[in-house]
Amino acid sequence: MKLLTFRTLRSLRLSGRGYLFLGTTLGALMLGTAARADDDIVSKIEQEMSRLQAAQAHVQEEQRAINHDMAVLKAEIARHHASGSSASHASAPHDGQLATARPDARSDVHAEHGERITTASARRHGLKTAEAPQFTATPGEMTAAAGAEPVRGAVARRDRVSLSPTGRGVIDTDKGSELAVVGHRAEDVLVHFAENGVGPHPRETLGAQSAGAVGDHGVFHLGPVTLMLGGFVDTAAVLENRHVASDTFNYWQDMPYPNEPRYHTNNFDGGARYSRLSLLARGNINSEATISGFFESDFGAGAVTTDPYESNSYSFRLRQAYLAYDDNKEGWHFLGGQAWSLLTPGRAGIVARQESLPETIEASMLAGQTWSRQWQVRIVKDFFHHRLWTGLSIENPATLYDTTGFSTSNGAVSMPNGSTVTIGENGVGLTNDTANFSNEIAPDVIGKVAYDPVWGHYEMEGILHFPHDRVTMGNTGHNNTAIGGGAGGSMILPLIPGKVELRMAGLAGWGINRYGSVLLPDATLKANGSPDPLFGVQAQAGVIAHPNPRIDVYGYFGTQRVGHSYFNENGSSYGYGNPGYSNAGCLQELSTLSCTANTRSVSEITIGGWWRFFKGKFGTVEAGTQLAYSRRQIWSGIGGDPHTSMSQIFFDFRYLPFQ
């Protein structure tokens with residue numbers, strides 16, 4: 001090749017055509033070398049691709065095997081529950097079945113934050129475990145998540161789980177399932193909920209936030225104790241066509257009549273005072289028993305120094321603070337401290353932080369809603385794999401007295417017969433010195449039964465209350481104790497499980513009206529000075545929809561009503577709802593006539609929605625709006641029984657860093 005090139009160059013004498021021929025020859029040589037190099041690269045890429053495809057096929061085969069194992073274990077659990085046999089009777093054969101299902105089958109996996117989720121265990125099969133999902137055998141198929149082969153003889157209900165993409169945990173593949181409590185919601189101690197189409201709170205919804213849900217972004221471990229943070233930054237506002245100086249907390253009994261100028265003025269008010277902080281501390285005593293403490297607070301209190309003009313210095317206040325002990329194996333649960341009353345409707349069993357609360361923006365929630373947050377000591381027992389729950393609670397008592405027509409001073413009521421009735425005393429020391437604390441002889445006693453069948457959640461409850469006072473005539477006196485109480489119930493019906501549900505609740509009785517949002521009076525006084533409990537009823541119903549995981553919409557109607565009791569003496573009228581009271585001045589602005597206006601009922605209808613428009617590792621940011629219309633009616637008196645009403649629109653933005 002070299003000799004040929006030299007002779008060619010010599011013969012062409014370095015002419016232009018010679019250079020052209022030389023360049024063409026060298027280019028051909030270089031292209032041939034590059035082509036051979038490209039062929040080598042392509043060959044290596046093809047080899048690497050083949051290797052990756054083989055690895056992928058191996059991983060897929062392993063995934064199918066794991067999914068098959070999970071389906072087999074679930075089928076065995078379902079078959080065991082369907083057989084109805086006792087744990088002691090079925091122990092040996094069931095253990096053998098699980099042991100031979102697959103030699104390398106895993107008996108447990110780990111959920112977020114190290115929470116152990118037992119899917120199959122020869123040691124604790126068929127017993128109430130802290131984590132084991134429950135299935136019921138029915139004709140059909142049970143299909144494991146992520147493409148598992150169908151297993152005949154059982155149908156998976158909403159508890160469908162699969163391995164996480166990392167292969168180191170499990171993930172929930174269905175909204176509202178038990179795993180949402182066990183794994184993703186590790187703060188909820190009680191698991192193994194009866195599958196009823198309702199399930200526990202979707203943690204990110206407003207109902208769960210109101211009940212006190214904590215997040216999974218702020219979890220810390222201090223030795224054997226797990227600390228979980230919760231709360232949010234909230235900024236809410238309300239525009240209303242009446243001026244009621246209560247911020248976004250509705251105090252419906254102050255809804256004005258036309259005789260007051262504020263009836264004729266619009267009002268706008270906003271604040272961040274309902275921003276919230278919460279902390280849950282939990283320690284595992286053993287695999288079945290835990291002890292926990294929960295604390296929750298916001299800035300909803302108004303101190304004497306609070307002003308709306310400059311600092312808006314609202315006070316830090318206590319919402320919840322309690323300790324709880326739960327033994328999931330034996331089904332015993334204890335709670336002591338300040339928490340939502342046992343009368344508050346629940347969502348799953350009788351479980352703290354699973355109260356069924358409306359998704360409204362208004363801090364008073366809804367007219368007709370039954371609730372209270374107060375000191376209590378509660379004991380709960382569950383039966384039949386956590387389907388049936390019974391609870392008994394003693395709770396802090398209080399009596400809202402109405403003393404219309406009487407002369408009062410610091411809890412002392414002057415009666416027309418010359419006696420003095422002591423119903424309470426204004427606060428002293430560290431209590432509110434502008435509020436009257438009623439005399440109470442015993443705690444309120446509340447009992448509840450909750451049932452979670454295969455569809456829906458149902459509750460029945462009852463309460464006993466003991467209003468107490470002292471009557472003094474001259475230099476002697478005697479005590480009086482009345483007996484009040486009532487009963488009620490609630491239900492949640494999953495019209496479309498996970499998407500649309502219907503909620504209804506109600507309570508009726510004597511002397512228990514303070515458990516309603518409207519705060520109607522519990523009692524008045526009889527002519528002899530003894531407490532006279534007033535009859536009352538409160539009820540609410542709502543439809544709540546979750547079109548997708550980021551949007552919640554709702555509509556509610558609620559009402560609360562109170563009876564009347566009165567007497568007349570020496571030409572004067574006393575008691576509550578006395579027809580001798582004058583309402584003649586209620587309809588004329590700044591009228592000189594009276595407008596006694598004892599409230600008979602308050603009703604509210606409201607619609608609203610929430611949109612979680614940002615959600616990620618940084619937490620959740622959501623916005624909500626609500627329209628509400630309220631109507632207040634009064635007991636008829638001189639001048640009739642005119643009504644008043646109020647329309648409101650609420651706005652809210654909320655940042656939840658731990659959700």
So, is the end of the [X] side chain (NZ or CZ) under 6.0 Å from the ring centre of [Y] and within 45° of the ring's axis?
| X | Y | answer |
| --- | --- | --- |
| R378 | F334 | no |
| R273 | F299 | no |
| R654 | F232 | yes |

After noting the C-alpha distance and the side-chain angles of Q374 and S372, does the key distance pass the side chain to side chain donor-acceptor pair (under 3.5 Å) rule?
-> CA-CA 6 Å; Q374 58 194 13; S372 180; 3.0 Å; yes
List the steps, then state whether side-chain contact (heavy atoms from CB on, under 4.5 Å) holds for M646 with N241.
-> CA-CA 6 Å; M646 179 170 63; N241 67 335; 3.7 Å; yes
Is any side-chain N of the basic residue among [X] and [Y] closer than 4.0 Å to the acidic one's carboxylate O?
| X | Y | answer |
| --- | --- | --- |
| R319 | D298 | yes |
| D444 | R514 | yes |
| E359 | R503 | yes |
| E296 | R276 | yes |
| E260 | R242 | no |
| R262 | D254 | yes |

Aromatic rings [X] and [Y]: how do their planes relate, parallel, tilted or perpendicular, breaks at 30° and 60°?
| X | Y | value |
| --- | --- | --- |
| Y574 | F567 | parallel |
| Y556 | Y554 | tilted |
| F295 | F316 | tilted |

Kindly check if the number of other-residue, nucleotide or ligand heavy atoms within 6.0 Å of CE (M460) is above 12?
-> no
From the list T606, T360, D652, side-chain hydrogen bond (donor to acceptor under 3.5 Å, both in side chains) partner of Q626 resolves to T606
Pair H468 + F466: ring centers closer than 6.0 Å |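 For H468 and F466, the ring centres are not under 6.0 Å apart.
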Distance flag, aromatic centroids of H465 and W510, threshold under 6.0 Å =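 No, too far apart.
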Before giving the answer on side-chain contact (heavy atoms from CB on, under 4.5 Å), spell out for N250 and M365 the whole-Å C-alpha distance, their side-chain angles and the decisive distance to 0.1 Å.
-> CA-CA 8 Å; N250 270 337; M365 293 189 287; over 6 Å; no
What heavy-atom pair brings [X] and [Y] nearest, and what distance separates the two atoms?
| X | Y | result |
| --- | --- | --- |
| G489 | E461 | N-OE2, 3.2 Å |
| Y322 | A339 | CD2-CB, 3.6 Å |
| Q376 | W340 | NE2-O, 3.1 Å |

Between Q320 and Q338, is a side chain to side chain donor-acceptor pair (under 3.5 Å) present by the stated rule, with each step listed?
-> CA-CA 5 Å; Q320 298 189 78; Q338 180 164 309; over 6 Å; no
Residue pair E355 / T344, side-chain donor-acceptor N/O under 3.5 Å = no
Going by distance alone, is a donor N or O of one side chain under 3.5 Å from an acceptor N or O of the other, for T559 and S603?
->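 Looking only at side-chain atoms, S603 and T559 do form a donor-acceptor pair, the distance falling under 3.5 Å.
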Is there a side-chain contact (heavy atoms from CB on, under 4.5 Å) between H333 and I379 once you walk through the steps?
-> CA-CA 6 Å; H333 316 283; I379 180 172; over 6 Å; no
